[in-house]
*Asks:* 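Below is a structure I'd like to ask you about.
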Amino acid sequence: MVGIKPEHRDMLRFLWFKDLLAEKPQIDEYRFNRLVFGPRPSPSILGETISHHLNLYKQSEPDMYELLRKSLYVDNLLTGEENDEKDFVVYQKSKKIMASGGFNLRKWNSNSQTLMKSIEACEILQEQKNAVDHATAEDDESYPKSSITPGNSETKNDTVVKVLGMNWDTVEDMFFFNFIDLCNYGMSLPATKHSVLKFII
């Protein structure tokens, strides 16, 4: 959702077939008008864009500004409160603040089923409102979002979810490491000193 100035879009040119099924496909040249992941500076540009956006709320929403500034890691928001009511307020405010900058916070998870039901109800209501109002712009809809079956809320997930590469059991509210994949990887390596170093690092 981070726009690229027209004068900088030449740096993001790519080639594509005009008609792939044609006998002699013509190649067209396109330019991205949104920041893509892949170029080396993309993560830092995203970070600075989010920081710039959050600064707009430094005066009007100082508590949320501070919470989002400290709790956002790339595109993940990791935070919590002492009860469901406060958590729901964080959900509503963070969703609204980030949406005003074109960012859609989604894939919510919590160790509270009550909170998850409230969030799911809001997400479904918003999906229905967007469908009625046709509020979702075509260029705002990513491929993964457009390929999700309507009615399947992204808040519904398994009880064990990934959080920045770690496993979180939302029922037991515990973080844990799954060593099965690591063991399988180790067993696939040849028995050499190099493999031992590779496995440790």
Side-chain angles (χ1 to χ4, degrees), residues 1-79 90-109 119 122-123 125-150 152-155 157 161-166 201:
M1 292 310 301
V2 179
I4 303 295
K5 288 183 177 180
E7 61 268 27
H8 296 155
R9 291 177 188 171
D10 280 339
M11 299 298 196
L12 294 170
R13 287 182 290 185
F14 65 99
L15 303 176
W16 201 256
F17 291 111
K18 187 170 186 176
D19 180 5
L20 191 60
L21 301 175
E23 190 175 319
K24 293 183 179 179
Q26 180 184 339
I27 296 176
D28 282 348
E29 182 181 290
Y30 294 94
R31 302 183 308 166
F32 285 105
N33 57 14
R34 300 271 186 230
L35 178 67
V36 293
F37 274 98
R40 193 169 288 162
S42 291
S44 59
I45 293 171
L46 174 62
E48 284 302 312
T49 302
I50 290 173
S51 179
H52 172 76
H53 175 66
L54 291 179
N55 279 330
L56 302 174
Y57 291 88
K58 195 172 186 177
Q59 300 297 323
S60 60
E61 290 281 356
D63 291 341
M64 283 305 297
Y65 160 78
E66 202 58 40
L67 182 141
L68 289 169
R69 190 182 67 80
K70 289 182 177 178
S71 304
L72 274 170
Y73 181 78
V74 187
D75 60 351
N76 291 281
L77 173 62
L78 305 172
T79 189
V90 167
Y91 159 76
Q92 289 177 312
K93 286 186 175 182
S94 61
K95 186 101 174 159
K96 184 178 178 183
I97 287 171
M98 295 308 291
S100 71
F103 300 98
N104 180 22
L105 293 182
R106 54 194 185 95
K107 295 185 180 177
W108 297 88
N109 273 296
I119 290 174
C122 283
E123 293 288 306
L125 193 66
Q126 187 61 48
E127 284 176 20
Q128 290 170 346
K129 183 178 182 288
N130 286 346
V132 170
D133 297 342
H134 303 291
T136 304
E138 188 177 327
D139 66 344
D140 187 25
E141 193 167 351
S142 66
Y143 172 75
K145 186 174 179 184
S146 66
S147 64
I148 292 171
T149 308
N152 285 353
S153 173
E154 289 185 87
T155 59
N157 282 314
V161 295
K162 290 274 191 182
V163 179
L164 299 179
M166 291 181 60
I201 295 170

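Predicted model, so just to flag it, every value in this text is computed and none were measured. We number each residue from 1, following the sequence as shown.
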*Asks:* Going by ring-ring contact (aromatic ring centres under 6.0 Å, His included), name the residues that satisfy it together with Tyr91, two or more places apart in sequence or in a different chain.
*Replies:* Phe88, Trp108

*Asks:* According to side chain to side chain donor-acceptor pair (under 3.5 Å), who are the partners of Glu48, at least two apart in sequence or on a separate chain?
*Replies:* none

*Asks:* Applying side chain to side chain contact (heavy atoms under 4.5 Å, CB included), name anything that partners Lys18, two or more places apart in sequence or on another chain.
*Replies:* Gln26, Asp28

*Asks:* Taking only residues at least two apart or on different chains, which pairs with a member in residues 51-61 satisfy salt bridge (Lys or Arg N to Asp or Glu O under 4.0 Å)?
*Replies:* Glu61-Lys93

*Asks:* If you compare all heavy atoms of Leu68 against all heavy atoms of Ser94, which two are closest, and at what distance to 0.1 Å?
*Replies:* CD2-CB, 3.8 Å

*Asks:* Sequence neighbours excluded, which residues qualify as side chain to side chain donor-acceptor pair (under 3.5 Å) partners of Arg69?
*Replies:* Glu66

*Asks:* Are Asn76 and Val163 close enough, and set up right, to give a side chain to side chain contact (heavy atoms under 4.5 Å, CB included), and what steps lead you there?
*Replies:* CA-CA 8 Å; Asn76 291 281; Val163 179; over 6 Å; no

*Asks:* Could you pull out the closest heavy-atom pair between Pro25 and Leu20, with the gap in Å?
*Replies:* CG-O, 4.1 Å

*Asks:* Distance check, rounded to the nearest 0.5 Å: Met11 atom CE versus Arg31 atom CZ?
*Replies:* 11.5 Å

*Asks:* How long is the straight-line distance from CG of Leu77 back to CG of Leu72, given to the nearest 0.5 Å?
*Replies:* 5.0 Å

*Asks:* Could you tell me which residues satisfy side chain to side chain contact (heavy atoms under 4.5 Å, CB included) with Lys24, sequence neighbours excluded, listed by chain and number?
*Replies:* none

*Asks:* Among all residues two or more places apart in sequence or in another chain, which pass the side chain to side chain contact (heavy atoms under 4.5 Å, CB included) test with Pro39?
*Replies:* Leu12, Val36, Pro41, Ser42

*Asks:* Check step by step if side chain to side chain contact (heavy atoms under 4.5 Å, CB included) holds for Leu54 and Ile97.
*Replies:* CA-CA 8 Å; Leu54 291 179; Ile97 287 171; 4.2 Å; yes

*Asks:* How would you list, by chain and number, every residue that makes a salt bridge (Lys or Arg N to Asp or Glu O under 4.0 Å) with Arg9, sequence neighbours excluded?
*Replies:* none

*Asks:* Would you compute the distance between atom NZ of Lys107 and atom NZ of Lys162 and round it to the nearest 0.5 angstrom?
*Replies:* 14.0 Å

*Asks:* Take a 6.0 Å sphere around CD of Glu7 and say whether it holds more than 12 heavy atoms from other residues, nucleotides or ligands.
*Replies:* yes

*Asks:* At what distance, to the nearest 0.5 angstrom, does CG of Leu105 lie from CD1 of Ile119?
*Replies:* 11.0 Å

*Asks:* Going by the rule salt bridge (Lys or Arg N to Asp or Glu O under 4.0 Å), which residues pair with Asp19 if we only count those two or more places apart in sequence or in a different chain?
*Replies:* none

*Asks:* Evaluate the side-chain proximity of Leu46 to Ile50: yes if any heavy-atom separation is below 4.5 Å, no if none is.
*Replies:* yes

*Asks:* Please identify each residue that fulfils side chain to side chain contact (heavy atoms under 4.5 Å, CB included) with Ser100, with sequence neighbours left out.
*Replies:* His53, Tyr57

*Asks:* Working to the nearest 0.5 angstrom, can you tell me the gap between Phe103 CZ and Thr49 OG1?
*Replies:* 6.0 Å

*Asks:* Please evaluate residues Phe17 and Ile27 with respect to the criterion side chain to side chain contact (heavy atoms under 4.5 Å, CB included), reporting the C-alpha separation (whole Å), side-chain torsions for both, the decisive distance (0.1 Å), and the verdict.
*Replies:* CA-CA 5 Å; Phe17 291 111; Ile27 296 176; 3.9 Å; yes

*Asks:* Taking side chain to side chain donor-acceptor pair (under 3.5 Å) as the definition, give me every residue that meets it alongside Asn55, ordered by chain and number, with sequence neighbours left out.
*Replies:* Tyr65

*Asks:* Partners of Phe14 by ring-ring contact (aromatic ring centres under 6.0 Å, His included), sequence neighbours excluded?
*Replies:* Tyr30, Phe32

*Asks:* Hey, what do you get for CE (Met64) to CE (Met98), rounding to the nearest 0.5 Å?
*Replies:* 10.0 Å

